[in-house]
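Below is one structure, written out as structure tokens, with a few remarks after it.
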Amino acid sequence: MFRNSIRTRLMALVLLASVIPSGISITFSYLYTRQSVTEQSVKQNTKLLTLGEANLSNYFSGMNQRAMSLYSGINVPSSFYTLLLTAKSPAQAPPGVILPDNRAVISTQLYNLFLSDRNTFQIHLYVRAARQSNLLLGGLFRREENVEYTGAELPGETYRPYIEVTHMNHQYGVKSGSPNPNLKPGTVPVFTAHFPLYKTPSDSVLADLSVDYRLDELEGIVQSMYNSGTERLYVLNEQGQALFASDPDWVGKRIETGWSRLPGGESGHFTWKKDGFKGIVMYRHIKDPLFRGSIIKLVPYEDLYGDARVITRFNMGIGLLFLLIGGITAVLISVGFTRPIKKLIQFTQKVQTGQLDAQMDVEREDEFGLLTRKITGMTRTINDLIVKEYRLELANTTNQLKALQAQVNPHFLYNALQSIASLSLRYNAPQVYELIYSLGSMMRYSMNTERTQVPLRDEIEHVGNYVILMKERFGEENLQLVTEATEEALETVLPKMILQPLVENIFKHGFTDGIHQAEIGITCKLEGESRLVLSVKDNGKGMSPERLGEITAGLRSSGRPEDEQIGLYNVLARLRLQFGSGAGMTLENNQEGQGVTVTLIIPLEAGQE
């Protein structure tokens with residue numbers, strides 16, 4: 001077979017002529033280019049991160065210098081710093097003494113600080129001695145007593161200036177809001193620089209200065225360090241919180257992915273293939289007096305090796321040229337084998353026109369012969385499937401029509417029955433009420449599609465309602481239901497509507513000659529902890545051994561049951577669906593010679609699994 005194989009001949013020729021040498025050349029070229037591109041990318045990104053770190057440090061240093069300007073006039077009376085030294089709470093002032101109003105000095109100083117940086121959003125100064133908040137927002141100055149405010153400090157460290165990562169703006173507990181709707185709290189993302197103002201030369205804090213900055217300049221510095229289309233960049237503080245993140249969902253949050261745990265050293269890089277990222281992680285630490293953290297840049301392999309792939313595609317183009325030459329040679333060799341192809345085309349045209357039963361003679365033993373046999377077999381299979389699908393579609397349409405014809409609003413029927421039952425009590429007809437209540441309970445139980453698994457107790461109650469209706473039909477003195485069940489058996493969970501079809505069969509087939517002194521018995525017992533046995537017994541006319549054998553054989557077979565066996569077959573099928581093949585059903589005539597006993601054997605362990 002392989003000597004006559006067209007595939008073998010063409011494959012050998014193409015591989016020897018073009019594929020093997022081209023593949024080797026492309027592989028070595030790609031590996032070398034990828035290594036070269038990686039080294040070049042690491043160098044370029046290291047320079048970018050170094051420059052970005054310098055720009056951020058300069059940016060933060062400017063913030064620190066502007067905050068230090070508040071110490072000017074340290075020995076000048078009535079200066080801003082002197083006012084902080086002499087500030088007191090109104091509650092601490094002696095009786096009759098009016099504290100000087102320093103509002104103008106503080107507002108002027110804060111306004112000058114506000115104008116020194118165009119990205120300043122708002123400034124908050126909390127004077128600790130006076131327990132006083134001074135807030136400058138949108139050119140408006142507000143002062144309030146703020147007893148509950150506590151200065152922002154780094155956890156576990158001596159209070160020092162630091163940057164609080166990006167968050168939505170707030171008013172530091174100041175209750176009076178801005179009339180400008182664009183300046184309402186929680187509408188503008190900002191990051192905050194916190195500065196303690198000390199009582200020099202001690203470390204006692206006079207006031208807490210917090211300056212909120214918009215993100216424009218910070219984003220401008222950071223975006224120059226990465227390609228937003230393919231790369232990711234994060235500026236994290238020492239606690240791992242994101243001052244900036246290329247993914248907006250991570251801004252202001254703590255990042256705990258594996259690549260965020262950086263090794264020591266001033267800068268470096270490493271490869272990472274976890275947490276949904278495959279590429280190179282480059283980092284540089286920031287050690288600024290105002291901000292301590294790191295810059296992390298993630299460069300994916302897809303972007304890193306883009307140039308290498310371009311070169312690889314170029315080499316592949318050359319390889320395709322050689323492959324074309326080999327293909328032309330292969331065509332010349334395959335000219336002698338075009339006749340079976342034409343036959344296959346003619347055959348497929350017949351199939352296309354709907355002649356799925358068309359035949360084609362097989363004359364070859366190579367791949368064409370095998371293909372011919374497969375195609376003819378496939379068309380026969382398709383023809384059979386189309387016929388089968390048509391029949392299924394016809395049956396499905398019939399079932400849908402029957403379902404539409406039988407569709408009734410169950411809630412309307414149940415509510416109507418409840419109204420009729422209430423009316424029967426009004427006219428002093430309790431027996432009518434009991435019958436309607438039993439019918440309504442049966443309807444609600446059977447129409448509740450949400451409950452597919454119920455305790456055995458509910459099943460027996462449902463059967464009891466059914467028998468109450470039958471007693472009204474045949475006379476209460478002619479029909480009796482006896483139930484024997486242990487408390488443990490009643491709590492067993494089973495598929496719904498298991499017992500009622502068995503009891504209904506008794507009225508259909510067991511008492512066809514009339515009901516007189518009829519008795520139906522239901523016995524439920526647990527055999528150990530692994531099996532539940534349910535028996536439904538009647539004292540009807542029973543059935544012949546031949547008929548009993550036919551029904552038993554029908555339950556064992558996998559074919560379509562007879563109409564009068566559908567109820568039993570469905571009960572058994574549902575039990576086996578939940579409890580496995582160990583579930584069984586037996587039918588036998590009673591020893592007394594009257595009636596039939598139907599026994600359900602349910603393995604509980606299989607159902608729990």
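Heavy atoms only: backbone and side chains are in, while hydrogens, waters and symmetry mates are out. Values in this document were obtained by computation on a predicted structure and should not be read as measured data. Numbers here are sequence positions counted from 1.
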Exercise for the section: Check the pair Leu499, His462 against side-chain contact (heavy atoms from CB on, under 4.5 Å), reporting the backbone distance first and the verdict last. Expected result: CA-CA 9 Å; Leu499 289 179; His462 178 66; over 6 Å; no

Practice task
Would you sort out whether Arg66 and Val211 count as a side-chain contact (heavy atoms from CB on, under 4.5 Å), showing the intermediate values?
Solution key: CA-CA 11 Å; Arg66 289 189 291 273; Val211 184; over 6 Å; no

Atom pair [atom1]/[atom2] of [X] and [Y] - distance to nearest 0.5 Å:
X      : Y      : atom1 : atom2 : result
His269 : Arg284 : NE2   : CZ    : 14.5 Å
Lys47  : Gln44  : NZ    : CD    : 7.5 Å
Leu577 : Asn570 : CG    : CG    : 11.5 Å
Thr257 : Lys274 : OG1   : NZ    : 12.0 Å
Ser107 : Leu135 : OG    : CG    : 12.5 Å
Met168 : Thr166 : CE    : OG1   : 10.5 Å

Exercise for the section: Answer yes or no: is there an ion pair linking Arg142 with Glu144, defined by an N-O contact shorter than 4.0 Å? Expected result: no

Practice task
Output yes when Arg457 and Glu487 qualify as a salt bridge under the 4.0 Å nitrogen-oxygen rule, no when they do not.
Solution key: yes

Please report the shortest heavy-atom distance between [X] and [Y], naming the atom on each side.
X      : Y      : value
Leu137 : Gln171 : CD2-OE1, 4.2 Å
Ser79  : Val105 : C-CG1, 4.4 Å
Thr46  : Val42  : OG1-O, 2.6 Å
Ile295 : Gly52  : CD1-C, 4.3 Å
Arg103 : Phe141 : NH2-O, 3.5 Å
Leu215 : Pro189 : CG-O, 3.7 Å

Of all residues at least two apart in sequence or in a different chain, which pass the ring-ring contact (aromatic ring centres under 6.0 Å, His included) check with [X]?
X      : result
Tyr71  : Tyr81
His285 : Tyr283
His170 : His167, Tyr172
Tyr149 : His124, Tyr126

Can you check whether [Y]'s main-chain N or O pairs, donor with acceptor, with [X]'s side chain at less than 3.5 Å?
X      : Y      : value
Asn169 : Thr187 : yes
Asp288 : Leu290 : yes
Lys297 : Met225 : yes
Glu459 : Ile498 : yes
Asp212 : Phe121 : no

[Y] side chain reached by [X] side chain, heavy atoms, under 4.5 Å:
X      : Y      : answer
Tyr226 : Val299 : no
Leu113 : Leu209 : yes
Leu125 : Gln109 : no
Ile286 : Asn237 : no
Leu532 : Leu494 : yes
Ser69  : Phe80  : no
Arg143 : Asn102 : yes
His194 : Pro161 : no

Exercise for the section: Only pairs at least two apart or in different chains count here, so list each ring-ring contact (aromatic ring centres under 6.0 Å, His included) that has a residue in residues 40-62. Expected result: Phe60-Phe291

Problem - Side-chain donor-acceptor pair present, Arg214, Asn119, cut-off under 3.5 Å - result: no

Exercise for the section: Would you kindly say whether Glu53 and Ser57 are connected by a side-chain donor-acceptor distance under 3.5 Å? Expected result: yes

Practice task
Return yes when atom CD of Glu219 has more than 12 non-hydrogen atoms of other residues, nucleotides or ligands closer than 6.0 Å, and no otherwise.
Solution key: yes

Handout entry: Heavy atoms from other residues, nucleotides or ligands near OH of Tyr111 exceed 12 (cutoff 6.0 Å)
Key = no

Exercise for the section: Walk me through it: do Ile221 and Leu218 pass the test side-chain contact (heavy atoms from CB on, under 4.5 Å)? Expected result: CA-CA 5 Å; Ile221 295 174; Leu218 174 66; 5.6 Å; no

Handout entry: side-chain contact (heavy atoms from CB on, under 4.5 Å) between Arg128 and Val205, worked out
Key = CA-CA 8 Å; Arg128 293 195 174 187; Val205 179; 3.7 Å; yes

List the atom pairs, with distances to 0.1 Å, where a side-chain N or O of residues 242-249 and a protein N or O form a donor-acceptor pair under 3.5 Å, not counting sequence neighbours.
residue : atom : partner : partner atom : Å
Ser246  : OG   : Leu233  : N            : 3.2
Asp247  : OD1  : Asp249  : N            : 3.3

Handout entry: The single option from Val281, Ile280, Asp275 passing side-chain contact (heavy atoms from CB on, under 4.5 Å) against Phe277
Key = Val281

